[in-house]
Amino acid sequence: MRHFKHLLPEEEKRIFYKKPGEVSLDSPKPFLAHALGATLYIPGTKQDILEILVNKKYPSLTSVVICLEDAIGDKNVRQAEDNLFEMMN
């Protein structure tokens with residue numbers, strides 16, 4: 001895995017002092033603990049979840065949580081569950 005792999009070499013040079021490196025399962029554990037990067041939390045009620053995931057709306061996205069708890073109201077849990085169920089079928 002490599003963060004920012006969607007950037008062109010010129011963009012990497014302009015943005016980073018040190019170019020991002022590869023991360024693998026063989027990387028040291030302390031390094032892996034911080035290698036995941038930012039996680040996108042998506043409320044389970046959001047209608048375009050598949051659009052985000054399948055069509056790679058965010059090219060550098062490496063971690064996603066489809067939230068059925070904190071990101072939605074108590075009254076919307078069933079709607080979020082139904083949305084997720086429908087999306088998976």
Side-chain angles (χ1 to χ4, degrees):
M1 175 178 79
R2 184 172 169 268
H3 293 289
F4 305 103
K5 63 183 175 187
H6 66 288
L7 295 176
L8 298 173
E10 313 81 70
E11 293 173 303
E12 280 185 342
K13 271 187 174 177
R14 183 175 51 84
I15 295 171
F16 298 105
Y17 170 74
K18 184 177 177 184
K19 182 177 157 182
E22 294 285 330
V23 179
S24 73
L25 293 176
D26 298 325
S27 298
K29 282 189 181 187
F31 185 76
L32 287 174
H34 300 282
L36 185 58
T39 299
L40 176 64
Y41 277 78
I42 304 174
T45 53
K46 192 161 177 61
Q47 295 299 310
D48 66 342
I49 295 173
L50 279 179
E51 175 72 22
I52 292 168
L53 301 178
V54 174
N55 294 331
K56 298 182 181 177
K57 184 174 180 179
Y58 305 105
S60 62
L61 186 63
T62 58
S63 176
V64 176
V65 171
I66 300 172
C67 188
L68 300 174
E69 224 176 70
D70 297 337
I72 59 172
D74 291 341
K75 295 178 182 177
N76 299 101
V77 172
R78 180 63 181 197
Q79 176 193 355
E81 290 172 343
D82 290 345
N83 186 43
L84 194 57
F85 181 78
E86 189 66 34
M87 182 181 61
M88 298 286 197
N89 283 320

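Excluded from the calculations below are hydrogen atoms, water molecules and symmetry mates; all remaining heavy atoms, backbone and side chain alike, are included. Quick caveat, the model's predicted, so the values are computed rather than measured.
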Mind running side chain to side chain contact (heavy atoms under 4.5 Å, CB included) on Gln47 and Asn83 for me, showing each step along the way? CA-CA 7 Å; Gln47 295 299 310; Asn83 186 43; 3.7 Å; yes
Give, for atom [atom1] of [X] and atom [atom2] of [Y], the distance between the pair rounded to the nearest 0.5 Å.
X: Arg78; Y: Leu68; atom1: CZ; atom2: CG; result: 12.0 Å
X: Ile15; Y: Glu10; atom1: CD1; atom2: CD; result: 11.0 Å
X: Glu22; Y: His3; atom1: CD; atom2: NE2; result: 10.5 Å
X: Ile66; Y: Thr45; atom1: CD1; atom2: OG1; result: 11.5 Å

Side chain proximity check, Leu7 to Phe16, heavy atoms < 4.5 angstrom: yes
Of all the heavy-atom pairs spanning [X] and [Y], show the shortest one and how long it is.
X: Glu12; Y: Pro20; answer: OE2-CD, 4.3 Å
X: Leu40; Y: Ile52; answer: CD2-CG2, 4.2 Å
X: Ala71; Y: Pro43; answer: O-CB, 3.8 Å
X: Gly44; Y: Ile49; answer: O-CD1, 4.1 Å
X: Leu50; Y: Met87; answer: CG-CG, 3.1 Å

Under 4.5 Å side-chain linkage, directly or through intermediates, the cluster mates of Val77: Ile72
Take Glu86 and Asp82 through the test side chain to side chain contact (heavy atoms under 4.5 Å, CB included) and record every step on the way to the result. CA-CA 6 Å; Glu86 189 66 34; Asp82 290 345; over 6 Å; no
Test: side chain to side chain donor-acceptor pair (under 3.5 Å). Region: residues 62-73. Which pairs qualify, not counting sequence neighbours? Thr39-Ser63
Hydrophobic clusters here meaning ILVMFWY residues chained together by side-chain heavy-atom distances under 4.5 Å, can you tell me if Leu84 and Val65 are in one? no
If you count every heavy atom of other residues, nucleotides or ligands that lies below 6.0 Å from Asn55 atom CG, does the total exceed 12? yes
